[in-house]
Amino acid sequence: MSDPTSIAQQFTQFYYQQFDSDRNGLASLYRDTSMMTWESTQIQGAPAIVEKLVSLPFAKVEHKVVTIDAQPSSPSTASLIVLVTGQLLVDDGQNPLQFTQVFHLMPEGGSYFVFNDVFRL
């Protein structure tokens with residue numbers, strides 16, 4: 001496996017740039033087996049996850065990543081656990097919200113998809 005931290009940094013940069021510009025574009029990162037927990041609400045499958053993300057009650061969002069930690073999650077599969085902490089600015093607000101997000105990334109065809117995603121404000 002390549003360096004887990006490098007993979008995590010590349011993934012999170014892409015994920016949050018896509019989230020901030022067009023949340024519909026995140027669909028390619030999830031599969032039907034993917035699960036998200038958003039503030040205690042569990043959501044299964046790429047279509048339902050993207051529907052949740054698109055329906056969030058803000059028009060504009062900017063993620064500012066503060067920390068990224070990554071570890072291999074299996075001795076037999078090149079999967080990763082990624083922990084991200086940061087700040088969210090929504091709708092040009094001046095008071096950032098603190099967030100924490102965990103991704104479980106699974107390898108697929110030379111890339112990764114999000115198998116598990118847990119988000120907390």
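A quick note: this is a predicted structure, and the numbers were derived from the prediction, not measured. Along the sequence shown, residues carry numbers from 1.
R23 and A59 get closest at one heavy-atom pair: NH2-O, 4.0 Å.
Linking ILVMFWY residues whenever their side-chain heavy atoms come closer than 4.5 Å, directly or via other members, leaves L26 and V102 in distinct clusters. Two different hydrophobic clusters hold Y112 and M106 under the rule that ILVMFWY side chains link at heavy-atom gaps under 4.5 Å. L105 and F19 fall within a single hydrophobic cluster, where Ile, Leu, Val, Met, Phe, Trp and Tyr are joined by side-chain heavy atoms under 4.5 Å apart, directly or via other members. There is a path of hydrophobic side-chain contacts, each under 4.5 Å, that joins F99 to V90. Transitive grouping of hydrophobic side chains (ILVMFWY, heavy atoms separated by less than 4.5 Å) keeps V66 and L97 in distinct clusters.
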| query | Under the side chain to side chain contact (heavy atoms under 4.5 Å, CB included) criterion, do L80 and H104 qualify, and how do the steps go? | reply | CA-CA 6 Å; L80 296 174; H104 183 195; over 6 Å; no
| request: Using the side chain to side chain contact (heavy atoms under 4.5 Å, CB included) rule, take Q101 and Y16 through it: C-alpha gap first, then chi angles, then the decisive distance, then the call. | output: CA-CA 11 Å; Q101 192 160 13; Y16 293 121; 2.7 Å; yes
| message | side chain to side chain contact (heavy atoms under 4.5 Å, CB included) for L83 and I68? Distances and angles first, verdict last. | response | CA-CA 6 Å; L83 171 65; I68 301 171; over 6 Å; no
| task | Walk me through it: do T67 and T85 pass the test side-chain hydrogen bond (donor to acceptor under 3.5 Å, both in side chains)? | result | CA-CA 5 Å; T67 66; T85 64; 2.4 Å; yes
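Proximity of D92 to K60: side-chain heavy atoms (C-beta onward) are separated by under 4.5 Å at one or more points. Here the side chains of Q42 and Q44 are not in contact, with every heavy-atom distance at 4.5 Å or above. P72 places none of its side-chain heavy atoms less than 4.5 Å from the side chain of T77. Side-chain contact between L29 and F11: present, with at least one pair of heavy atoms (C-beta onward) separated by less than 4.5 Å. For the pair V61/L88, a side-chain contact is recorded, criterion being any heavy-atom separation below 4.5 Å from C-beta on. You'll find the side chain of L53 reaches within 4.5 Å of the side chain of W38, heavy atoms only. The side-chain heavy atoms of I49 and V114, taken from C-beta on, include no pair separated by under 4.5 Å.
Between the CZ atom of F119 and the CE atom of M36 there is a distance of 8.5 Å, given to the nearest 0.5 Å. The OG1 atom of T5 sits 11.0 Å away from atom CD of Q10, with the distance rounded to the nearest 0.5 Å. Atom CG of residue N116 and atom CE of residue M35 lie 8.0 Å apart, to the nearest 0.5 angstrom. Taking CG from D91 and CD from E62, the interatomic distance works out to 12.0 Å, rounded to the nearest 0.5 Å.
Judged by distance alone, the side chain of Q17 and the main-chain N or O of S21 form no donor-acceptor pair under 3.5 Å.
For the residue pair S73/S79, the side-chain donor-acceptor check at 3.5 Å is satisfied. Counting only N and O atoms by type, the side chains of E51 and S55 include no donor and acceptor under 3.5 Å apart. When only modelled atom types and interatomic distance are considered, T37 and R120 share no side-chain donor-acceptor pair under 3.5 Å.
In the hydrophobic clustering, V50 connects to V54, either directly or through intervening members, whenever side-chain heavy atoms lie under 4.5 Å apart.
Applying the side-chain hydrogen bond (donor to acceptor under 3.5 Å, both in side chains) rule to Y30 yields the partners Y15, D117; only residues at least two apart in sequence or on another chain are considered.
Screening V84, T12, L89, D20 against H63 for a side-chain contact (heavy atoms from CB on, under 4.5 Å) leaves a single residue, D20.
Other residues, nucleotides and ligands contribute only 12 or fewer heavy atoms inside 6.0 Å of the CG atom of N95. In the displayed structure, Q98 atom CD is contacted under 6.0 Å by more than 12 heavy atoms of other residues, nucleotides or ligands.
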